[in-house]
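Below: the structure, in structure tokens.
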Amino acid sequence: MTRSIGRLALRRLAFAVPVLLVVSFALFVLAKASPFDPVERYFGVRIIGASPERVAQLRENWGVDEPVVAQYWAWLRHAVTGDLGDSLSLQQPVSEVIGDRLGWTVLLVSAGFTLALLLGLLLGTFAAWRQGTWLDRLITGGCYALEAAPVFWVGLAVLYVFALQLRWLPGGGVTSGSEPVSAGGVAVHMVLPVAVLAISQAPWFVLFVRQNLLESFTQDHVIGARARGLPDHLVVSGHALRTSLLPFLTLLGARLPELITGALLVETVFSWPGIARATVEAALNVDFALLGALTVMATGVVLLGNLLADVLYSLADPRVALDG
Amino acid sequence: MADLTWRPAPRSRLTAASPPRSPKWRLLPSAAILVLVALTVLVVPLVVELNEQYVDLAVANRPPSAAHLFGTDELGRDVLLRCVYALRVSLTVGLVAAVISAVVGTAVGALAGTVGGWFDRVLMRVVDAIASVPHLLLGIVIVAVLRPSLTAVIISIALTHWLTAARIVRSEVLSLRTRPFIDAAIVGGASRLRVLTRHLLPNVAPQILLATTLMVPHAVWHETALSFLGLGLPPHAASIGNMINDAQRSLLTGGWWMSLAPGLLLIITTLAVSGASGVWRDRLNPKRRTELTW
């Protein structure tokens with residue numbers, strides 16, 4: 001069992017490496033294809049006054065005119081040692097930019113994801129159990145509306161109501177004023193962004209759990225459990241929910257790209273010091289070193305998430321053929 | 001262990017999904033909203049002699065009133081009028097991008113499905129690889145390469161959204177290929193191209209059309225998100241994302257109406273599009289009933 005899971009993980013990793021290579025190379029080609037010249041960008045307007053020798057020297061040093069493959073190879077060689085180049089827009093090494101911000105994003109995303117999961121399980125189970133009642137309609141209707149609403153709009157609405165009008169919670173950043181970063185302060189500042197990320201992700205989970213539960217209510221083992229006189233809450237939690245949660249695991253992996261997208265927008269609304277600001281800055285300033293590194297990293301996270309979901313699935317359901 | 005007397009079971013709550021209500025309940029309101037939106041968006045700019053860029057600082061930051069139903073923004077532009085233009089832009093971008101991505105997706109999917117073999121496998125692995133990059137990030141990269149503009153936004157959406165269409169078309173083509181009428185056509189001497197264009201694609205067409213309509217809300221959403229981040233349409237252009245982005249500043253001083261109206265309009269329109277196409281999907285594919293109960 002463990003051996004076959006190891007094999008699955010290895011096979012998936014073997015797929016992940018070429019994907020990351022292809023994605024990073026494609027980004028590289030895109031960057032080269034853009035009409036944008038990093039040397040001109042470096043000089044800005046000063047390029048008019050700069051001596052041609054100096055410009056040529058810089059082109060030579062940066063290797064701008066070398067073929068794409070050679071440049072990509074140089075980037076890759078440095079990337080495996082952890083040197084991702086320098087960010088032009090933030091004037092910092094890329095690895096430093098990511099290192100400074102990644103922790104904040106991971107904090108936001110993991111808290112938001114956990115909360116979304118809990119909400120999805122609770123509300124989804126509740127809606128399926130009380131199927132057809134006004135409560136079920138309220139939950140499902142709310143979910144469809146939230147699915148259609150842009151995350152950042154929901155974020156602004158929440159910001160307006162809870163931070164600006166009611167003044168219950170701080171509306172942006174991780175500290176108030178010049179306060180030093182403290183666990184308590186961060187926890188208070190986290191509430192709104194985490195809540196918004198969670199309620200923007202929860203609808204899929206709620207609807208999915210509800211649909212699967214409704215389907216499992218017709219399965220023999222659930223009907224059997226009911227026939228034996230088990231109370232409803234035990235049948236739902238012990239029999240129906242167990243089987244209907246299996247596909248849920250795959251959904252977790254599949255929702256990762258949406259989660260990253262959502263986090264990007266939520267961070268922007270709440271001025272969270274994560275990678276979102278860096279991404280937008282990088283895009284506006286055509287800072288491909290940073291943008292490319294962030295994109296490749298996000299892709300890696302998605303692939304890793306899919307792998308984890310598959311491993312969990314095969315652990316939870318021994319019927320799954322691991323080598324299929 | 002005391003209570004062994006038989007009691008009737010309580011009314012069961014654990015029932016299978018009840019049959020959804022008549023699709024009319026979803027189709028009619030959705031269709032009505034869509035017709036209304038389409039008419040407004042198409043007719044208003046032709047009939048009304050107003051400029052959505054008209055700046056009147058004297059009435060800046062006014063809350064909703066009889067003269068300005070949805071209020072005015074920080075430059076005194078009418079929010080309702082700008083909403084109409086914004087929805088027009090967003091829907092156009094969404095439609096055009098959805099159609100382009102459907103064309104690209106169909107081409108790739110049909111190619112993979114008909115050629116088959118290692119070609120299919122490689123192509124589908126490429127699709128998987130692109131699907132692993134978060135949509136919005138890939139979209140941002142594409143906009144960064146092309147510099148923010150209307151064309152860049154459309155290309156960015158089209159290049160990130162064709163994957164679903166490609167997968168659907170490929171799997172449909174693969175399953176159609178085993179049908180006797182395709183064998184009959186091949187035995188009858190039809191060329192590959194003829195089989196593809198006369199027999200395969202017409203049978204996939206409804207699925208493609210459905211996938212395209214379902215893509216429109218996604219495309220609109222993508223455009224809105226890009227514009228909101230400042231990577232979409234030029235800042236002065238009225239688009240839902242730009243309006244909400246502009247309204248962010250006014251929100252801090254209490255101007256809630258500038259972001260409320262565009263957001264609500266977007267939600268209603270997207271719900272109408274997915275409601276109407278949901279009914280259509282249930283008719284095409286009764287096994288996968290979306291079970292809407294609102």
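Per chain, numbering begins at 1; letters A, B, ... match sequence-line order. Keep in mind that what you see is a predicted model, and the values were worked out from it rather than measured.
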Closest non-hydrogen atom pair between [X] and [Y], with its separation:
X	Y	value
B/Ala129	A/Val23	O-CG2, 4.2 Å
B/Pro134	A/Ala298	CG-CB, 3.9 Å
B/Leu271	A/Tyr144	CD2-O, 3.6 Å
A/Leu284	B/Gly230	CD2-O, 3.7 Å
B/Leu137	A/Thr279	CD2-CG2, 3.6 Å

Determine whether [X] and [Y] make a side-chain contact, defined as any pair of heavy atoms from C-beta on separated by less than 4.5 Å.
X	Y	answer
A/Phe152	B/Asn245	no
B/Leu136	A/Leu265	yes
B/Ile267	A/Trp153	yes
B/Leu260	A/Tyr160	no

Return the option, out of [options], with the maximum number of heavy-atom pairs under 4.5 Å with chain A.
options	value
B/Gly241, B/Ala225, B/Pro262	B/Ala225
B/Ser132, B/Ala131, B/Pro217	B/Ser132
B/Leu264, B/Val220, B/Ile240	B/Leu264
B/Val141, B/Thr270, B/Ile140, B/Asp128	B/Val141

B/His135 atom NE2, neighbour heavy-atom count above 12 within 6.0 Å: yes
For [X], is it the side chain, the backbone, both, or neither that has a heavy atom closer than 4.5 Å to a heavy atom of chain B?
X	value
A/Leu30	both
A/Leu27	side chain
A/Ile260	side chain
A/Val269	both

Is chain A contacted by the side chain of B/Ile130, its backbone, both, or neither, given a heavy-atom distance below 4.5 Å? neither
Is chain A contacted by the side chain of B/Val143, its backbone, both, or neither, given a heavy-atom distance below 4.5 Å?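 The answer is neither part of B/Val143.
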Quick one: which of A/Thr268, A/Leu156, A/Thr295 has the most heavy-atom pairs under 4.5 Å with chain B, could you say? A/Leu156
Most contacts with chain B, counted as non-hydrogen pairs under 4.5 angstrom, among A/Gly229, A/Ala26, A/Pro150: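 Sorted descending by pairs with chain B, the first entry is A/Pro150.
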